[in-house]
Amino acid sequence: FRIVLAEPFDRTGVEKLRTVGDIVALEACDESTLRRAVLDCDALLVRTRTTVTRAVIESATRLRVIGRGGVGLENIDVDAARERGIAVVYTPHASTDAVADLTVGMMIALQRNISGCDAMVRKGHFWEARGGSCSREMSELTLGIVGMGRIGRAVARRCRNGFGMTVLYNDIVSPGWLDFVATPVTKDQLYAHADVVTLHVPLTDSTRYLIDAAALSGFKKEAILINTSRGGVVNSLALADALTAGTLAGAALDVFDPEPLPADHPLMRAPNTLFTPHIGSRSVAGLARMN
Ligand code: NAD
C-alpha cells in the first residue's frame, strides 16, 4: 500500500500510516508533481494548500482514497473522484473548537481595538489610546451567524452562554435542537440587525461572494464582519470599499481571496481590519486530531 503525502503531517500520524504502507513525502504539491506521484499510489493525503484537480485524479491508476486533513473540500474535485470510485475522507470535527476560539478572539480584539491600542502604546501614545478607547460590552451586542453548522454552533454557544449576546442565525437547513438560545432569520434580517456578522459556511457555488456590495449595503454602519470560513465567501474589493467608505465599522479575516492577499490589495489599506494567516485550525489539539 503506497501512500503519498502532498503536505507535511505530524510524526504521530505518519507513524500510524507507516504501519499500513510505504510513505512517499512530496517536496512540492503542484499539479505536475501530483500527477507523477499518483501514478502508482493507493492513497493521497493533502491539507489546505494542495489542489487535487480532475487531471490529477485521472492520472491515477490504482488510487483508492484521498484523505484531506481539514474541513473544506473545495480543493478536491470530489465529482471526479466519485466518478472513479475513489473515496474522499476528511476531518470535519478536528478543528471546530480551534476555529470557534479564534472567531471569538477576533470579535473581542476588533470590538476593543486591541491591536490598534497595542500599536499606540508602543509608539508612546498611552494616554491618547486610553482616551480614544470606549467600546460596547459583548452582552450588548447582537451576533449574526451565517451557517449554523459545527463551527457556527460552537461560536454561538460561546457567545450566548459565555457572554450573554443575542444570537441570530441563518442556514439553508434547520440545525435541529440547539443547546442555547438563538433565533433563525433571513440573511437580510441578519445583516440588518447584527452588530457582529460571522461567516461559517463552506465555499460552494451558492456561497461564493455571498457577502458582496449588495449584502454589505444591508449591514449596520457600526457592524463588524468576521470571516474564518473561506476567502471566496466575501468579495474582498466590495469589503474594502465598505470599510473605506465607513459603511462598515471593521472586519477581521483569517481567510482571503486570493490567499495570500497581494501587498497592493485595497483591503491592505482599509481601516479597522485585523488579519491572521489562515490559522483557524492551528491549535495543538486541533492539529493532533487532524493528524
Ligand atoms: P458544517 O458543514 O458543519 O457547517 C456549514 C453550515 O453552512 C451548514 O449548516 C450548511 O447548511 C450551511 N450553509 C451552506 N450553505 C449555506 C448558505 N448558502 N447559507 C447559509 N448557510 C449555508 O461546516 P463547519 O465544520 O462548521 O465548517 C464551516 C467552514 O469553515 C468549512 O467549510 C471551512 O471552509 C471553514 N473552516 C475554516 C478553517 C480555518 O482554518 N479558518 C478551519 C476549519 C473550517
Side-chain angles (χ1 to χ4, degrees), residues 7 46-51 68-76 78 88-107 109 143-159 167-180 182-191 194 197-212 214-215 218 225-236 251-261 274-291:
E7 294 173 68
V46 305
R47 286 174 64 164
T48 305
R49 295 180 68 174
T50 308
T51 303
R68 153 82 165 113
V71 185
L73 288 176
E74 73 283 342
N75 58 334
I76 298 172
V78 177
V88 178
V89 297
Y90 67 137
T91 60
H93 297 277
S95 50
T96 302
D97 284 337
V99 181
D101 289 353
L102 179 71
T103 304
V104 173
M106 288 181 134
M107 208 179 291
L143 175 66
I145 300 201
V146 184
M148 195 61 128
R150 288 173 293 264
I151 298 171
R153 286 198 295 270
V155 171
R157 190 175 298 113
R158 284 159 170 73
C159 291
V167 177
L168 309 177
Y169 71 91
N170 173 267
D171 202 304
I172 50 171
V173 295
S174 166
W177 184 79
L178 298 170
D179 57 349
F180 48 83
T183 309
V185 291
T186 64
K187 288 191 175 65
D188 286 343
Q189 288 168 333
L190 186 147
Y191 303 152
V197 175
T198 183
L199 308 175
H200 301 291
V201 290
L203 179 60
T204 63
D205 291 344
S206 81
T207 62
R208 183 171 294 281
Y209 300 148
L210 181 69
I211 305 298
D212 56 6
L225 173 71
I226 301 187
N227 188 13
T228 58
S229 63
R230 282 292 179 265
V233 176
V234 176
N235 179 325
S236 47
L253 309 176
D254 183 47
V255 286
F256 301 88
D257 178 40
E259 201 161 279
L261 212 53
L274 180 66
F275 299 152
T276 50
H278 202 147
I279 57 166
S281 57
R282 297 193 64 82
S283 67
V284 175
L287 288 180
R289 281 190 291 264
M290 203 180 279
N291 277 294

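When a ligand or atom number is given, it counts from 1 through the structure's own listing order. All values reported here derive from a predicted model rather than from experimental measurement.
Nearest non-hydrogen protein atom to atom 5 (C) of ligand 1 is His200 O, 3.4 Å. Atom 35 (C) of ligand 1 has Ser229 O, 3.5 Å as its closest protein atom, hydrogens excluded (heavy atom only). Protein heavy atom at the shortest distance from atom 27 (O) of ligand 1 is Ile151 CD1, 3.4 Å. With respect to atom 36 (N) of ligand 1, the closest heavy atom belonging to the protein is Arg230 NH1, 3.7 Å. Of all protein heavy atoms, the one lying nearest to atom 40 (O) of ligand 1 is His278 CD2, 3.1 Å. The protein heavy-atom contact nearest to atom 23 (O) of ligand 1 is Arg150 NH2, 3.4 Å. Atom 15 (N) of ligand 1 has Ile172 CD1, 3.5 Å as its closest protein atom, hydrogens excluded (heavy atom only). Here the protein heavy atom with the shortest distance to atom 11 (O) of ligand 1 is Asp171 OD1, 2.6 Å.
Leu143 places a side-chain heavy atom less than 4.5 Å from the side chain of Val155. The shortest side-chain heavy-atom distance between Arg282 and Leu102 does not fall under the 4.5 Å cut-off. The closest side-chain heavy-atom distance from Ile226 to Asp254 is not below 4.5 Å.
Taking 4.0 Å as the cut-off between side-chain N and carboxylate O, Arg230 and Asp257 do not count as a salt-bridged pair. Note on Asp97 versus Arg157: no salt bridge recorded, every NZ/NE/NH1/NH2 to OD/OE distance being 4.0 Å or above.
The contact set between ligand 1 and Pro202, taken as ligand atoms under 4.0 Å from a residue heavy atom, comprises 5 (C), 7 (O), 14 (C), 32 (O). Under a 4.0 Å criterion applied to the non-hydrogen atoms of Asp254, ligand 1 contributes the atoms 39 (C), 40 (O), 41 (N). Listed by atom number, the atoms of ligand 1 under 4.0 Å from Thr207 heavy atoms are 15 (N), 16 (C), 17 (C), 18 (N). Below 4.0 Å from some heavy atom of Val71 lie the following atoms of ligand 1, by number and element: 25 (O), 27 (O), 31 (C), 43 (C), 44 (C). Close contacts of ligand 1 with Val173, meaning ligand atoms under 4.0 Å from a residue heavy atom, involve 11 (O). Atom numbering of ligand 1 starts at 1 in the shown order; those under 4.0 Å from a heavy atom of Ser206 are 18 (N). Of all atoms in ligand 1, numbered sequentially from 1 with element shown, those under 4.0 Å from a heavy atom of Val99 are 38 (C), 42 (C), 43 (C). In the vicinity of Ser281, heavy-atom distances shorter than 4.0 Å reach the ligand 1 atoms 40 (O).
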Q. So Thr48 and Arg68, side chain to side chain contact (heavy atoms under 4.5 Å, CB included) or not? Walk me through it.
A. CA-CA 8 Å; Thr48 305; Arg68 153 82 165 113; 3.4 Å; yes
Q.
Using side chain to side chain contact (heavy atoms under 4.5 Å, CB included), reason through Met106 and Thr103 one step at a time and then give a plain yes or no.
A. CA-CA 5 Å; Met106 288 181 134; Thr103 304; 5.9 Å; no
Q: Kindly indicate, with the supporting measurements, whether the criterion side chain to side chain contact (heavy atoms under 4.5 Å, CB included) is fulfilled by Tyr169 and Leu178.
A: CA-CA 12 Å; Tyr169 71 91; Leu178 298 170; 3.9 Å; yes
Q) Taking it one step at a time, do Leu168 and Gln189 satisfy side chain to side chain contact (heavy atoms under 4.5 Å, CB included)? A) CA-CA 9 Å; Leu168 309 177; Gln189 288 168 333; over 6 Å; no
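For Asn170, the closest heavy-atom approach to ligand 1 falls below 4.0 Å. Residue contacts with ligand 1 do not include Thr96, since none of its heavy atoms lies under 4.0 Å from the ligand.
A distance-only check finds a donor-acceptor pair linking the side chain of Asn170 to the backbone of Val185 [under 3.5 Å]. Side-chain atoms of Thr207 never come within 3.5 Å of backbone atoms of Leu210 as a donor-acceptor pair (strictly under, hydrogens ignored). Checking side-chain atoms of Asp171 against main-chain N and O of Met148 turns up a donor-acceptor pair under 3.5 Å.
Within the 4.0 Å heavy-atom criterion, the part of Lys187 lying near ligand 1 is the side chain and not the backbone. Both the backbone and the side chain of Val201 come within 4.0 Å of ligand 1, counting heavy atoms alone.
Heavy-atom proximity to atom 4 (O) of ligand 1, evaluated over Ala100, Gly149, Gly147, is greatest for Gly149.
Taking a 6.0 Å sphere around CZ of Arg289, one finds it holds more than 12 heavy atoms contributed by other residues, nucleotides or ligands.
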